[in-house]
Amino acid sequence: MLVSACLGGVDCYYKGGNRAIPELKTLVDSKRAIAICPEVLGGLPVPREEAQIADASGKDVLAGNAKVITRTGRDVTDNFIRGALHAKEKALREKVDLAILKARSPSCGKGNIYDGTFSGRLRNGNGLFAELLMKEGIKVLTEEEYIKKEGEDIA
Ligand code: SF4
């Protein structure tokens, strides 16, 4: 199992710090899940400037048809692609079959991602890393879907 590193308690979130969810941090701490941050693997620092895919999806970026741009207009597409590919290789090496990824992120988001306007608006699509994992047949859930599912299992 794999989790977005920020959800597992690793200080890799773009603003600095993490977005830990206790259940997911426990899985990482007990080595039942590996924590991966594709953006850090792509060479980006912590903290780093917020970046979004400009009016397109991770699939479009991977196909060379769209770019990842920071709030001040810097093109970080190469970092995002390199990081997502590196992270996917790690996931395949570890034989991951389930990934819990941070909702709405341009790397980790599944189903909905920010639309590139930095206004909080969403559009359909997956982040680059989520797209690559799903293409490999790895099941991807957002942390919101995972928590909801756990709640249903317990109920
Ligand atoms: S790239 Fe993914 S793991 Fe890294 S900080 Fe963003 S959401 Fe978290």
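Counting from 1, the numbers follow the sequence of the chain as shown. Excluded from the calculations below are hydrogen atoms, water molecules and symmetry mates; all remaining heavy atoms, backbone and side chain alike, are included. Whatever order the structure lists them in is the order used to number ligands and atoms, beginning at 1.
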Check your understanding: Would Val68 and Val61 count as a side-chain contact (heavy atoms from CB on, under 4.5 Å) if you check the C-alpha gap in whole Å, the side-chain angles of each, and the deciding distance to 0.1 Å?
Key -> CA-CA 7 Å; Val68 188; Val61 176; 4.1 Å; yes
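- Every atom of ligand 1 with a heavy atom of Ile36 under 4.0 Å away is listed here by number and element: 3 (S).
- Counting heavy atoms closer than 4.0 Å to ligand 1, residue Leu101 contributes nothing at all.
- A salt bridge links Arg123 with Asp55; the closest basic N to acidic carboxylate O contact falls under 4.0 Å.
- Comment: Lys110 engages Glu145 in a salt bridge, judged by a side-chain N to carboxylate O separation of less than 4.0 angstrom.
- In this structure, a donor-acceptor pair under 3.5 Å is present between the side chains of Glu49 and Thr72.
- At least one heavy atom of Arg48 sits less than 4.0 Å from an atom of ligand 1.
- Nearby protein atoms of type N, O or S around atom 8 (Fe) of ligand 1 amount to 1 (distance under 2.8 Å).
- Using a 4.0 Å cut-off between heavy atoms, Lys15 makes no contact with ligand 1 at all.
- No side-chain heavy atom of Leu92 sits under 4.5 Å from any side-chain heavy atom of Val96.
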Which pairs would a plain distance check flag for residues 16-26, meaning a side-chain donor or acceptor within less than 3.5 Å of a matching protein atom at least two apart in sequence or in another chain?
| residue | atom | partner | partner atom | Å |
| --- | --- | --- | --- | --- |
| Asn18 | OD1 | Ala20 | N | 3.0 |
| Asn18 | ND2 | Gly9 | O | 3.4 |
| Asn18 | ND2 | Asp11 | OD1 | 2.7 |
| Lys25 | NZ | Asp29 | OD2 | 2.8 |
| Thr26 | OG1 | Pro22 | O | 2.9 |

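- The side chain to side chain contact (heavy atoms under 4.5 Å, CB included) test with Cys108 is passed by exactly one of Ile113, Leu101, Leu128, Leu133: Leu101.
- Using a 4.5 Å heavy-atom threshold, the side chains of Ser4 and Ser105 count as separate.
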